[in-house]
Each structure stands twice: as C-alpha cells, then as structure tokens.
Amino acid sequence: YPIPFNPETRISFDLATSSSVTLTVYNTLGQMVAKLADHRSMNAGTYSLTFNGADLPSGVYLYRLDAGNFSQTRKMVLVK
C-alpha cells in the first residue's frame, strides 16, 4: 500500500476492459520522477506495479494512472 513507504511500494489497480495503460510518478513540483508503464497494452484484470524510491528524497509524491478514458491521481509519502 503506497502510504507511507520506504523505499519500495506496490501500486495496484483493476482494469474492467483491455486498455493502454500509463502509470507515471511526479514530485510535488510536477516533475516526472518515474514512468512505471508507458502506453502498455493490458488485458482486463488486476495488476500491481512496483515503484522504488531509493534514489529519491523523503517527501510527498503523486502517481497518475491513465487507462483508456479513465484517469486518476493519488498521493503517496516516501519516508526514509
């Protein structure tokens, strides 16, 4: 579960239909710090991707999931 984590967390999501998925992590300045999936074609089902923040400073990060017409942004906290 992404809140809080040190230094690794898993981001889980469900897809109701097959779609192209992009999962990107940003710092609070809006700078992209990681791209976990880049327009990856995925079938319907449950998925879990790993984010490793070992090289990043402690703080609040946002991850954005885009799948087809669906988009969601969530917060996570890296505590070292």
Side-chain angles (χ1 to χ4, degrees):
Y1 191 75
I3 302 176
F5 67 97
N6 178 21
E8 191 173 279
T9 188
R10 298 185 68 72
I11 300 172
S12 301
F13 57 93
D14 296 317
L15 295 176
T17 61
S18 297
S19 11
S20 175
V21 173
T22 301
L23 182 60
T24 313
V25 180
Y26 299 92
N27 63 19
T28 54
L29 298 175
Q31 300 165 326
M32 182 177 54
V33 297
K35 189 169 272 194
L36 305 179
D38 188 13
H39 299 289
R40 185 193 297 178
S41 181
M42 295 181 167
N43 295 323
T46 300
Y47 294 90
S48 184
L49 299 175
T50 301
F51 171 66
N52 189 321
D55 296 335
L56 299 171
S58 295
V60 176
Y61 292 88
L62 305 170
Y63 66 91
R64 179 181 169 127
L65 173 68
D66 294 299
N69 294 328
F70 175 80
S71 180
Q72 182 177 42
T73 303
R74 293 261 172 118
K75 177 176 71 168
M76 59 185 171
V77 179
L78 172 59
V79 178
K80 289 189 174 183

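Each residue takes its place number in the sequence, starting with 1.
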Residue pairs passing the salt bridge (Lys or Arg N to Asp or Glu O under 4.0 Å) test where at least one lies in residues 59-70, sequence neighbours excluded: Arg64-Asp66
Asp38 atom CG, neighbour heavy-atom count above 12 within 6.0 Å: yes
Ser12 vs Thr46 side-chain heavy atoms within contact, under 4.5 Å: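 Side-chain contact under 4.5 Å: no.
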Side chain Lys80, main chain Ala54, donor-acceptor under 3.5 Å: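 Yes; judged by distance alone, with no hydrogens or angles, the pair exists.
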What's the spacing between [X] [atom1] and [Y] [atom2] if we round to 0.5 Å?
{"X": "Tyr61", "Y": "Leu78", "atom1": "OH", "atom2": "CG", "answer": "5.5 Å"}
{"X": "Lys35", "Y": "Thr22", "atom1": "NZ", "atom2": "OG1", "answer": "6.0 Å"}
{"X": "Arg40", "Y": "Leu49", "atom1": "CZ", "atom2": "CG", "answer": "5.5 Å"}
{"X": "Phe51", "Y": "Met76", "atom1": "CZ", "atom2": "CE", "answer": "4.5 Å"}

Answer yes if [X] and [Y] sit in the same cluster of Ile, Leu, Val, Met, Phe, Trp and Tyr residues linked by side chain heavy atoms under 4.5 Å apart, and no otherwise.
{"X": "Val33", "Y": "Leu36", "value": "yes"}
{"X": "Val25", "Y": "Phe70", "value": "yes"}
{"X": "Met42", "Y": "Leu65", "value": "yes"}
{"X": "Phe5", "Y": "Tyr26", "value": "no"}

Closest contact, heavy atoms only, Ser19 versus Gly68: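 Closest pair (atom of Ser19, atom of Gly68, distance): CB-N, 3.8 Å.
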Closest approach of Ser18 to Ala44 (non-hydrogen atoms, all atoms of both residues): OG-N, 3.7 Å
Partners passing ring pair (Phe, Tyr, Trp, His ring centres under 6.0 Å) against Tyr47 (at least two apart in sequence or in another chain): Phe13
From CA spacing to verdict: side-chain contact (heavy atoms from CB on, under 4.5 Å), Tyr63, Leu23: CA-CA 7 Å; Tyr63 66 91; Leu23 182 60; 3.8 Å; yes
